[in-house]
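We count residues from 1, following the sequence as given. Because the structure is a prediction, the values reported are computed rather than measured.
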Amino acid sequence: MSSSIFEDGFSSDRLFNQGYSYTYDDVIFLPHYIDFPTDSVHLATRLSRRVPLSIPCVSSPMDTVTEAHMAISMAALGGIGIIHSNTTPSEQAHMVKAVKSRRVPVLSNPVFKSPSDRIQSDDVFDSSNPYVLVTENGCPSSKLLGYVAGRDWAKLGDKEVKIYDYMVNCTDFTVPWSYDLGRIGKHMEEKRRDVVATVRDDEVVDVVAKEEVERIKGYPKLGVGTVGPNGAWRVGAAIGTRETDKERLEGLVKAGVDVVVLDSSQGNSIYQIGMIKYVKKTYSNLDVVGGNVVTVSQAQNLIQAGVDGLRVGMGSGSICTTQEVCAVGRGQATAVYKVASIASQSGVPVIADGGISNSGHIVKALVLGASTVMMGSFLAGSTEAPGAYEYQNGHRIKKYRGMGSLEAMTKGSDQRYLGDTAKLKIAQGVVGAVADKGSVLKFIPYTIQAVKQGFQDLGASSLQSGHNLLRTSVLRLEVRTGAAQVEGGVHGLVSYEKKSF
């Protein structure tokens with residue numbers, strides 16, 4: 001009797017060469033052999049040729065996902081954030097500088113006053129800035145003298161008095177910007193301080209309150225994070241392919257950006273190839289990620305142009321409608337596998353961009369060949385995402401919009417779709433809302449632990465091991481029917497309580 005009768009599943013080559021476009025939910029891995037504990041799984045990887053990461057997580061360059069606070073927190077976790085370009089060049093460069101000047105996952109925007117000023121309204125205090133800093137001339141670069149806490153100001157009988165009459169003097173109030181949370185907490189304990197200011201080159205960077213330190217300490221332990229040779233956190237930024245983007249790029253390089261991502265829904269264009277060559281010629285030490293691509297031929301063109309990384313995905317995001325509107329794209333599982341197969345031959349890392357809704361999707365993306373996953377909606381409802389929380393039908397939510405939505409396009413993102421000169425704007429995305437997920441500092445570590453368990457079930461102790469097992473046909477896959485997908489999720493219950501961690 002032929003042994004093929006007892007063969008389980010399909011090899012990746014056989015499965016992905018049948019003419020079908022598969023999403024992550026369409027496919028499932030069959031379990032392999034476990035001979036190591038979960039803690040032995042290591043997910044260290046590369047975003048691009050010269051940008052290493054401790055975890056394979058990247059926040060998307062969307063204006064409702066990644067600004068300075070998100071990039072700071074992603075770097076603290078060992079991943080990286082890509083600052084969006086739907087803003088002015090100077091504002092984007094300022095965000096990059098903000099990430100570079102911090103060493104704890106805190107981002108405050110201190111308000112400064114001089115000793116002779118008066119505080120006559122509580123508008124200067126809010127939940128993110130409960131303190132006003134007092135400097136000699138009311139500017140962040142002058143000598144720090146003390147601070148005023150909002151709760152102390154509220155107790156004042158006479159709000160007309162000058163600040164120097166009631167401010168707290170700043171003896172032992174400052175610490176170097178390079179202090180980590182442990183050293184900041186120890187300083188507070190020794191000096192009996194509830195708040196300190198981090199200072200770099202005699203300029204205040206952040207105000208850190210004791211409750212903030214305790215909050216972050218309560219999350220899963222942070223490692224060293226993604227830092228460069230100079231000890232500053234690594235950060236990326238998105239740019240377009242217009243002539244004016246060369247000026248934007250210059251500002252980003254001066255701000256210290258570590259990698260640039262050419263932001264386009266369809267990256268296989270004469271415009272992007274020209275920009276790739278310009279970046280590599282002008283800033284030879286700067287990594288450039290090209291995309292987006294979903295086919296082998298697209299990838300080959302950008303690899304030949306000199307990219308250091310490839311971003312894969314077209315129409316797979318939860319707020320993206322490119323496949324419906326333009327009738328082009330590809331199922332994300334197929335796209336990642338195909339592009340990674342050719343990119344691996346040139347040592348170019350692949351970023352799986354879009355379609356990530358759970359830890360299982362991350363496992364699938366990585367094992368199918370990606371080096372990292374780029375997440376939008378997965379991070380959009382977090383504390384660190386831009387925007388304020390709102391309440392909708394009793395649920396706490398944040399706005400989340402596609403960069404192809406008309407709302408985002410009015411701010412400039414239409415160049416991403418090569419439509420910035422078009423008189424008629426055609427939307428390739430929508431505006432929506434996502435639920436409050438809490439801090440990424442909490443839920444990303446839990447997500448990564450789930451990914452490690454997935455790798456253990458597959459017998460892969462690292463990303464490279466997973467890639468090798470797939471390419472040698474040791475790992476097998478099958479396509480899931482609609483009924484199998486239902487069976488694989490929660491079903492058959494009258495009700496249940498869902499907790500992510």
Side-chain angles (χ1 to χ4, degrees), residues 12 15-17 20-27 45-49 51 53 56-62 79-80 82 236 238 259-269 272-273 276 287-305 307-320 322-323 326 328-357 361-378 402-404 416-417 428 463 466-467 470-471:
S12 56
L15 184 73
F16 289 108
N17 283 297
Y20 293 102
S21 192
Y22 293 122
T23 68
Y24 294 137
D25 284 336
D26 287 326
V27 298
T45 186
R46 291 179 298 148
L47 172 78
S48 55
R49 291 186 193 271
V51 178
L53 304 177
C57 296
V58 186
S59 64
S60 180
M62 304 173 72
I80 195 168
I82 312 297
V259 57
V260 291
V261 175
L262 301 187
D263 200 18
S264 175
S265 65
Q266 213 284 53
N268 185 28
S269 69
Q272 183 158 143
I273 289 172
I276 291 168
D287 274 13
V288 55
V289 173
N292 280 26
V293 297
V294 293
T295 71
V296 169
S297 60
Q298 283 181 303
Q300 285 176 320
N301 279 349
L302 300 192
I303 290 170
Q304 290 171 5
V307 291
D308 301 293
L310 283 170
R311 190 174 165 196
V312 177
M314 193 172 187
S316 57
S318 62
I319 38 64
C320 187
T322 298
Q323 293 185 19
C326 299
V328 291
R330 199 172 207 174
Q332 187 67 342
T334 300
V336 169
Y337 176 75
K338 291 286 189 177
V339 174
S341 296
I342 191 68
S344 63
Q345 297 177 17
S346 301
V348 175
V350 162
I351 304 166
D353 175 23
I356 300 296
S357 299
H361 289 165
I362 297 175
V363 173
K364 291 175 183 179
L366 296 175
V367 177
L368 287 174
S371 293
T372 55
V373 293
M374 180 172 278
M375 299 174 287
S377 63
F378 198 82
M403 298 304 281
R416 186 177 191 272
Y417 299 85
Q428 294 185 42
L463 264 69
H467 294 169
L470 188 76
R471 289 172 189 147

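Not counting sequence neighbours, the partners of Arg49 by the salt bridge (charged side-chain N to carboxylate O under 4.0 Å, His left out) test are Asp308. Residues that satisfy the side chain to side chain contact (heavy atoms under 4.5 Å, CB included) test with Ala340, not counting sequence neighbours, are Val350. With sequence neighbours excluded, the residues satisfying ring pair (Phe, Tyr, Trp, His ring centres under 6.0 Å) with His361 are Tyr24.
Nearest heavy atom pair, residue Ala299 against residue Ile342, reads CB-CG2, 3.9 Å. Heavy-atom minimum distance, Leu470 versus Val367: CD2-O, 3.3 Å. Across all their heavy atoms, Pro56 and Leu366 have their closest contact at CG-CD1, 3.7 Å. Taking both residues in full, the closest heavy atoms of Val336 and Ala352 are given as CG2-CB, 3.8 Å, listed atom of the first, atom of the second, then distance. Across all non-hydrogen atoms, the minimal contact from Val307 to Val348 is O-CG2, 4.1 Å. Minimum heavy-atom separation, Arg330 to Val294: NH1-O, 3.0 Å.
At least one side-chain heavy atom of Ile80 sits under 4.5 Å from a side-chain heavy atom of Val51. Side-chain contact between Val259 and Val288 is absent, with no heavy atoms from C-beta onward closer than 4.5 Å. With a 4.5 Å cut-off on side-chain heavy atoms, Cys57 and Met374 do not count as touching. The side-chain heavy atoms of Ser264 and Gln272, taken from C-beta on, include a pair separated by under 4.5 Å.
Of the inter-residue distances, the one linking Ser60 atom OG with Met375 atom CE reads 10.0 Å to the nearest 0.5 angstrom. Rounding to the nearest 0.5 Å gives a distance of 12.0 Å between CG of Asp26 and CD of Gln332. How far OG1 of Thr372 is from CD1 of Ile351: 4.5 Å, rounded to the nearest 0.5 Å. The CG atom of Leu310 sits 11.0 Å away from the CD atom of Gln300 when rounded to the nearest 0.5 Å. If you take CG on Leu302 and CD1 on Ile273, they are separated by 6.0 Å, rounding to the nearest 0.5 Å. The distance from atom CZ of Arg46 to atom CG of Leu463, rounded to the nearest 0.5 Å, is 11.0 Å.
Panel note: side chain Ser346, backbone Ala343; no donor-acceptor pair is recorded below 3.5 Å. Under a 3.5 Å cut-off, the side chain of Asn292 and the backbone N or O of Met314 do not form any donor-acceptor pair. No donor-acceptor pair under 3.5 Å is formed between the side chain of Thr334 and the backbone N or O of Ser21. Side-chain atoms of His467 come within 3.5 Å of backbone N or O of Ala370 as a donor-acceptor pair. Put simply, the side chain of Gln266 gets close to the backbone of Asn268: a donor and an acceptor are under 3.5 Å apart.
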**Study point:** Derivation and outcome, side-chain hydrogen bond (donor to acceptor under 3.5 Å, both in side chains), residues Ser12 and Tyr337
**Key:** CA-CA 8 Å; Ser12 56; Tyr337 176 75; 3.2 Å; yes
Practice item. Would you sort out whether Thr23 and Lys364 count as a side-chain contact (heavy atoms from CB on, under 4.5 Å), showing the intermediate values? Key: CA-CA 10 Å; Thr23 68; Lys364 291 175 183 179; over 6 Å; no
Review point. Between Ile276 and Leu262, is a side-chain contact (heavy atoms from CB on, under 4.5 Å) present by the stated rule, with each step listed?
Key: CA-CA 8 Å; Ile276 291 168; Leu262 301 187; 3.5 Å; yes
Point to revise | side-chain contact (heavy atoms from CB on, under 4.5 Å) between Arg471 and Ser344, worked out | key: CA-CA 11 Å; Arg471 289 172 189 147; Ser344 63; 3.2 Å; yes
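In this structure, Tyr22 and Phe16 have perpendicular ring planes: the angle between them is above 60°, well past the 30° mark.
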